Amino acid sequence: MPTTGTATLCKAERQHRRGVIGQLFEGGGSKSISVFPLRVVYMPVGRDEVEAPVSILVSVPKRHFKRAVKRNRVKRQLREAYRLHKHILLDTMANGENALVLAFIWLDKELHTTEELMDKMKKILSRIAEKMQQQQQQS
RNA sequence: GCAGUUGGACGGCUUGUCGCUGACCCUUCGGGGGAAGAGGAAAGUCCGGGCAACACAGGGCAUCCCACUUGUUAAUGGCAAGCAAUCCGCGAGGGUUGAGCAGUGGAGAAGAAAAUAACCGCCCCUCCCCCCUUUUCGGGUGGUGGGGUAAGGGUGAGAAGGUGAGGCAAGAGCUCACCAGCCGUGUGGUGACACACGGGCUGUCCGCCUUGGGAGUUGUAAGGUCAUGUAAACCGGCGCUAUGAGGGUAGCCCGCCCAAGCCGGAGGGUAGACCGCUAGAGCCACACGGUGACGGGUGGCGCAGAUAAAUGACAGGCACCUUUCCCUCAUACGGAGAGGCACAGAACCCGGCUUAUAGGCCGACUGCUUUC
């Protein structure tokens with residue numbers, strides 16, 4: 001388990017495979033949770049299909065922010081927030097047989113403070129962790 | 001000192017914690033260390049080139065782009081220095097326009113009339129009526145008919161070159177002077193043009209058109225290597241050694257070339273890695289040539305390469321700007337607080353253009369004011 005425990009976010013943890021991403025948005029196995037201004041689409045996959053137990057991607061639609069500078073700002077904030085709080089999820093997933101793919105989608109047209117986004121990230125990750133735990137216990 | 005014109009350069013610095021990409025180095029192949037890491041516009045994708053793939057005997061027509069001159073450059077529709085007309089500004093300066101004395105067409109409304117001008121007006125002649133004067137000659141008002149006239153009228157972007165004088169029945173480049181335009185000659189300039197002399201006598205705008213110059217197409221998702229999968233399979237149509245199906249030759253035609261397969265349907269596979277990918281018309285400094293754009297020369301430097309897309313997040317300090325308060329004669333010096341700190345993110349690489357931009361800095365010049 002390479003990256004567990006430390007607050008890093010290397011390339012393996014960022015999802016970039018076209019096929020997996022396509023499945024995530026079109027396939028039936030994915031579910032979503034919203035905590036404004038965020039929406040998370042997540043999907044459990046086989047552990048051997050991806051490189052890391054939890055991998056993410058961040059999407060900020062162009063229609064919300066016309067300028068690339070603002071889109072980059074939001075992506076960086078979100079990556080940072082996930083990086084600092086991903087242990088919430090990893091603790092749950094570490095021993096499971098499945099891996100998880102997450103997509104963070106930005107919903108607002110305004111920028112938010114980093115402090116606020118940290119808070120929202122904590123909330124949303126805990127909720128996903130809860131659901132995954134239930135699933136594991138059922139199976 | 002104030003106001004302004006124009007050109008140029010900058011557009012933060014720094015500490016700590018936690019991260020991202022990563023040349024290269026080490027490795028017990030698990031990993032560890034780690035140089036370096038956004039812009040003047042990286043933007044819009046509006047021009048031009050490099051590079052790449054494909055195409056390319058030749059000719060005609062069509063299409064598209066450019067249009068004062070000379071220069072500059074790899075190249076341009078850029079840039080520099082100029083030319084002419086016109087507009088704005090007291091000025092330094094700034095804006096707009098710019099091939100064509102061939103042909104052809106159009107110009108609403110307004111106005112009499114928009115280009116072989118006569119509505120009103122002005123002038124002459126014939127005739128008629130009336131009046132005045134009267135010996136007659138003559139004069140006047142009005143009207144019919146004929147003719148001359150572009151000075152005046154209002155309209156318009158534009159009214160038959162303009163102004164003045166002469167001339168005339170009234171007028172007119174009819175004549176003359178000056179001015180604008182055009183043509184010819186001469187002089188100067190590489191040239192656009194300028195000046196001088198002479199000549200004739202001259203509308204404005206917009207098309208088509210003509211002339212000269214130029215253009216192969218597609219863009220790094222180009223293009224290449226490897227990996228994966230396989231199918232030289234199946235169905236239908238046309239053709240099968242040519243009297244040739246079909247294809248290429250940028251859109252069409254001629255011509256030329258290739259040619260044994262071609263077209264359609266249904267279906268299958270991959271959408272991952274590497275190269276391209278950053279040494280380039282490169283950046284900096286110094287003199288030199290040139291009014292300048294720029295050029296060649298010498299020396300130095302090694303300067304982002306991501307790919308669901310790195311170059312950051314957070315906390316503090318400094319600088320800068322605005323503002324409030326304290327001190328003070330003071331808007332000076334000093335101190336305290338609050339707020340602000342632009343536009344904006346590389347995506348093959350360059351040269352331009354255009355647009356966005358808080359804030360201050362430097363050079364040259366102009367006007368006003370003060371002092372000497």
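These figures come from a predicted structure and were not determined experimentally. Just so it is clear, the values below take in all heavy atoms, side chains as well, and ignore hydrogens, waters and symmetry mates.
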Within this structure, what is the [atom1]-to-[atom2] distance between [X] and [N], rounded to whole angstrom?
X	N	atom1	atom2	result
A:L111	B:A344	CG	P	13 Å
A:E115	B:C18	CD	P	21 Å
A:H87	B:G19	NE2	P	13 Å
A:L78	B:A308	CG	C1'	14 Å
A:K66	B:G345	NZ	C1'	16 Å
A:R71	B:A309	CZ	P	12 Å
A:R83	B:C20	CZ	P	7 Å
A:R76	B:A308	CZ	P	16 Å

Same-atom distance ([atom1]) from [N] to [M], integer angstrom:
N	M	atom1	result
B:C320	B:A342	C1'	13 Å
B:U249	B:C206	P	43 Å
B:C47	B:U73	C1'	15 Å
B:G105	B:A177	C1'	42 Å
B:A293	B:U185	P	41 Å
B:C195	B:A85	P	9 Å
B:A172	B:G162	P	11 Å
B:C20	B:G312	C1'	7 Å

Let's test this: given Watson-Crick or G-U wobble pairing with both distances under 3.5 Å, identify the partner of [N].
N	answer
B:U28	none
B:C274	B:G224
B:A315	B:U15
B:A177	B:U163
B:C372	none
B:U6	B:G363
B:G239	none
B:C79	B:G71

* Give A:R67 one of three labels, base, sugar-phosphate or nothing, depending on what nucleic acid heavy atoms sit under 4.0 Å from its own. =>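 The answer is sugar-phosphate, as A:R67 gets under 4.0 Å only of primed atoms, P, OP1 or OP2.
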
* Asked: Is A:R71 reaching over with its side chain to a backbone N or O of A:F65, donor-acceptor style, under 3.5 angstrom?
  ->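 Looks like yes, one N/O pair under 3.5 Å.
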
* To do: May I ask you to verify if any side-chain N or O of A:T114 is less than 4.0 angstrom from the OP1 or OP2 atom of B:C314?
  =>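 Checking B:C314 against A:T114, a side-chain N or O does come within under 4.0 Å of OP1 or OP2.
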
* Asked: OP1 or OP2 of B:A344 less than 4.0 angstrom from a side-chain nitrogen or oxygen of A:R73, does that happen here?
  ->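 Checking A:R73 against B:A344: no side-chain N or O falls below 4.0 Å of OP1 or OP2.
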
* With A:E130, which residues qualify under salt bridge (Lys or Arg N to Asp or Glu O under 4.0 Å), at least two apart? ->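 A:E130: no salt bridge (Lys or Arg N to Asp or Glu O under 4.0 Å) contacts found.
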
* On RNA chain B, nearest-nucleotide positions of A:N72 versus A:V58: which is more 5'? ->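 By nearest-heavy-atom nucleotide position, the 5'-most residue is A:V58.
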
* To do: Let me know, please, whether A:K70 or A:Q77 comes out on the 5' side of the other along RNA chain B by nearest nucleotide.
  =>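 The residue mapped nearer the 5' terminus is A:Q77.
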
Can you tell me how far the [atom1] atom of [X] sits from the [atom2] atom of [Y], to the nearest 0.5 Å?
X	Y	atom1	atom2	value
A:I105	A:L57	CD1	CG	7.5 Å
A:L38	A:L107	CG	CG	7.0 Å
A:E80	A:H85	CD	NE2	10.5 Å

* Asked: Does a distance-only test, which skips hydrogens and angles, find a donor-acceptor pair under 3.5 Å between the side chain of A:R79 and the base of B:C20?
  ->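 Per atom types, no contact qualifies.
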
* Answer yes or no: does atom NZ of A:K120 have more than 12 heavy-atom neighbours from other residues, nucleotides or ligands under 6.0 Å? =>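 More than 12 heavy atoms, drawn from other residues, nucleotides or ligands, come within 6.0 Å of this atom.
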
* Distance-minimising heavy-atom pair for A:T114 and A:R73 ->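 For A:T114 and A:R73, the tightest heavy-atom pair comes out as OG1-NH2, 3.8 Å.
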
* To do: Locate the shortest heavy-atom distance separating A:P37 from A:W106; write the atom from each residue and the value.
  =>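 The pair with the smallest heavy-atom distance is CG-CH2, 3.6 Å.
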
Is the base of [N] syn or anti, if syn means a glycosidic angle within 90° of 0?
N	result
B:G31	anti
B:U278	syn
B:C90	anti
B:A38	syn
B:G95	anti

* A:L57 side chain: which of B:A313, B:A346, B:A308 is closest? ->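 Within the option list, the nearest is B:A308.
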
